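What follows is a single structure, written as structure tokens, with notes after it.
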Amino acid sequence: MSTSHHHHHYDVVIVGAGPAGTACALGLRHAGLRVALLDKASFPRDKICGDAIPSPTLRHLARLDAAYAPELRELLAPHRADTTFSRLLAPNGRALRIQWHNPACNSPRLHFDAALLTLVRRHTATEVLENYAVRKLEADTEGVTVWPADPAREPLRAALVIGCDGANSVVYRQLAPPARLNRAYQCAAVRAYYQGVGEAPENTSDFYFLQEFRAGYCWVFPVGNGVYNVGFGALSEEIAYRRLDLKQVLHDLLTKHPQLAPRFAQAIQLTPITGFGLPLGGSGRPVHGGRWLLCGDAAALIDPLQGHGIDKAVHSGILAAQQAQRSFQAARFDADYLAEYARQVERHIGRELARRYRFMRFLAGKAWLVNLAVEAARWPWLRQKLVRAVG
């Protein structure tokens with residue numbers, strides 16, 4: 001299927017080797033295309049995140065190949081906590097325990113992303129280029145030139161570039177139309193790893209919804225071997241308006257909150273508290289243009305209600321791989337033809353994220369409503385509706 005010419009190093013260059021980029025490479029495994037997967041880091045590398053791996057992640061990988069999900073679980077065996085339950089703790093202190101029937105887990109991104117990259121190396125002919133930071137991209141009618149930050153490395157040329165390089169995507173900044181930051185569609189969070197957390201079963205992820213914050217929550221997620229990913233996140237517009245220091249907020253929660261403080265009285269903090277920002281789904285960010293596509297966090301495909309995005313990253317990476325194959329079959333890489341990818345993302349991912357954004361805004365600042373929902377969910381039929389709403 002390849003239409004490479006001598007002036008193209010690759011048919012497809014994927015920028016970013018996280019969940020979206022690796023899923024895209026796996027999706028192109030039988031396409032007959034010359035594919036490069038770039039990342040600015042060397043693996044294994046940490047990624048600041050909540051480390052939750054929602055069940056659809058494995059389902060999307062299994063649709064590519066039934067062997068991928070069990071192989072991934074085997075690779076992660078020493079570095080994961082299988083999560084069967086979630087506890088939702090309302091602002092008034094009442095708790096609701098939900099059992100999930102589809103397999104999900106929490107795993108540090110240090111190990112999870114490296115395991116996905118192992119699948120790429122094992123099952124595809126993708127050329128993986130680590131420590132390749134991108135400085136600039138230039139798209140023209142014939143292809144895209146990728147310029148490295150390191151002048152000692154060679155620039156690359158491709159027919160199509162797929163940006164899977166996260167919330168601060170260089171592909172988005174270089175190739176998409178300029179856009180102003182909208183803090184209503186941005187969130188920020190901090191996290192650290194702890195051990196010795198009290199009342200923390202390794203099969204349960206905890207979500208604390210708080211009276212004093214309009215939209216956001218504190219989480220305590222097991223990641224295996226007695227270690228917990230603990231963090232707090234909120235909407236950027238609230239952070240800016242109240243001038244919140246998120247590191248201080250998390251420290252205060254773990255030392256003063258009536259439910260959290262006893263659990264962390266003997267806990268040991270293993271890492272510094274570090275922060276990250278994420279663009280939320282529903283913002284309408286462009287995901288395509290002439291000779292480029294965006295996936296995952298680069299495409300603002302973060303769940304506005306729960307704040308996770310790994311499942312959406314994997315799904316969008318697979319959709320981008322399908323679009324790439326269509327484009328090479330038709331020998332078309334213009335924005336009009338690539339718009340089919342945007343339609344597929346909207347159909348399979350975007351509509352749901354927009355609905356969940358509206359639901360998040362509806363709940364924002366209504367602690368009484370969250371209290372009522374947790375209380376009402378004690379009735380099985382209402383519990384079922386709540387489970388559907390929160391995902």
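Heavy atoms only: backbone and side chains are in, while hydrogens, waters and symmetry mates are out. Only a predicted model underlies this, so the values are computations on that prediction, with no experimental measurement involved.
Within the 3.5 Å criterion, the main-chain N or O of Arg34 finds a donor-acceptor partner in the side chain of Asp11. Without hydrogens or angle criteria, Tyr185 side chain to Pro304 main chain gives no donor-acceptor distance under 3.5 Å. Without hydrogens or angle criteria, Glu138 side chain to Val144 main chain gives no donor-acceptor distance under 3.5 Å. With hydrogens and angles ignored, the 3.5 Å screen pairs no side-chain donor or acceptor of Thr126 with any backbone N or O of Val128. No donor-acceptor distance shorter than 3.5 angstrom exists from the side chain of Gln306 to the backbone of His308, with no hydrogens or angles considered. Thr57 places no side-chain N or O within 3.5 Å of a backbone atom of Ile53 that could act as its donor or acceptor partner. Judged by distance alone, with hydrogens and angles left aside, the side-chain atoms of Arg135 form no donor-acceptor pair with the main-chain N or O of Val146 at under 3.5 Å. Counting only distance, with no hydrogens or angles, the side chain of Asp334 and the backbone of Asp336 share a donor-acceptor pair below 3.5 Å. Judged purely by atom type and a 3.5 angstrom limit, Arg291 uses its side chain to pair as donor or acceptor with the backbone of Ala159.
Between His288 and Trp292, the ring planes are tilted. Angles from 30° to 60° get that label.
A donor atom on one side chain and an acceptor atom on the other are not found under 3.5 Å apart for Asn371 and Glu375. Using a 3.5 Å distance cut-off with no hydrogens or angles, the side chains of Arg326 and Gln323 do pair a donor with an acceptor. For the residue pair Arg157/Thr145, the side-chain donor-acceptor check at 3.5 Å is satisfied.
Annotation for Tyr10 and Val35: closest pair CD2-C, 4.0 Å, computed over non-hydrogen atoms. Closest approach of Gln325 to Leu28, counting heavy atoms only: CG-CD2, 3.9 Å. For the pair Ile302 and Gly307, the tightest heavy-atom approach, listed with the atom from each and the gap, is CG2-O, 3.6 Å. Contact record, Ser169 with Ala298: CB-CB, 3.5 Å, taken as the closest heavy-atom pair. The heavy-atom pair separating Asn106 from Ser205 by the smallest distance is ND2-OG, 3.0 Å. For the residue pair Val190 and Gly275, the shortest heavy atom distance occurs at CG1-CA, 3.8 Å.
To the nearest 0.5 Å, atom CZ of residue Arg173 and atom NZ of residue Lys136 are 14.0 Å apart. Atom CG of Asp252 sits about 12.0 Å away from atom NE2 of His257, to the nearest 0.5 Å.
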Does the side chain to side chain contact (heavy atoms under 4.5 Å, CB included) test come out yes or no for Val161 and Leu293, once each step is laid out?
CA-CA 7 Å; Val161 164; Leu293 305 173; over 6 Å; no

Show your working on side chain to side chain donor-acceptor pair (under 3.5 Å) between Ser86 and Trp100 and close with a plain yes or no.
CA-CA 8 Å; Ser86 290; Trp100 304 105; 2.8 Å; yes

Give the intermediate values and the outcome of side chain to side chain contact (heavy atoms under 4.5 Å, CB included) for residues Cys24 and Ile318.
CA-CA 5 Å; Cys24 188; Ile318 294 170; over 6 Å; no

Side chain to side chain contact (heavy atoms under 4.5 Å, CB included) assessment of Arg109 paired with Ile310
CA-CA 10 Å; Arg109 294 289 297 276; Ile310 290 176; 3.8 Å; yes

Assess the residue pair Arg285 and Glu346 against the criterion (salt bridge (Lys or Arg N to Asp or Glu O under 4.0 Å)); give the C-alpha distance rounded to whole Å, side-chain angles, the decisive distance to 0.1 Å, and a yes or no.
CA-CA 11 Å; Arg285 174 180 287 197; Glu346 178 64 15; over 6 Å; no

Salt bridge (Lys or Arg N to Asp or Glu O under 4.0 Å) between Asp245 and Lys247, intermediate numbers included
CA-CA 6 Å; Asp245 179 341; Lys247 293 181 180 180; over 6 Å; no

Check the pair Gln186 / Asn182 against side chain to side chain donor-acceptor pair (under 3.5 Å), numbers first and verdict last.
CA-CA 7 Å; Gln186 287 279 135; Asn182 185 348; over 6 Å; no

Val374 vs Leu89, side chain to side chain contact (heavy atoms under 4.5 Å, CB included): CA-CA, chis, key distance, verdict:
CA-CA 8 Å; Val374 168; Leu89 294 109; over 6 Å; no

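Each side chain to side chain donor-acceptor pair (under 3.5 Å) pair with one or both residues in residues 43-54, not counting sequence neighbours, appears once here: Arg45-Asp113, Asp46-Arg191, Asp51-Tyr193, Asp51-Asn229.
Aromatic ring centres of Phe112 and His79 lie farther apart than the 6.0 Å criterion allows. With ring centers used as reference points, Phe207 lies under 6.0 Å from Tyr217. Proximity of the aromatic rings of Phe333 and Phe328 is defined here by a centroid distance below 6.0 angstrom, and this criterion is met.
Every residue meeting the side-chain contact (heavy atoms from CB on, under 4.5 Å) condition with Arg361, not counting sequence neighbours, appears here in chain and number order: Ala184, Leu235, Glu237, Tyr357.
Of the charged side-chain nitrogens involved, at least one lies within less than 4.0 Å of a carboxylate oxygen, so that Arg121 and Glu130 count as a salt-bridged pair. Under a 4.0 Å N-O distance rule, the pair Asp82/Arg73 qualifies as a salt bridge.
Under the 4.5 Å side-chain contact rule for hydrophobic residues, Leu96 and Leu210 do not share a cluster.
For the side chain to side chain contact (heavy atoms under 4.5 Å, CB included) with Leu75, the qualifying choice from Arg122, His111, Arg80 is Arg122, the only one to do so.
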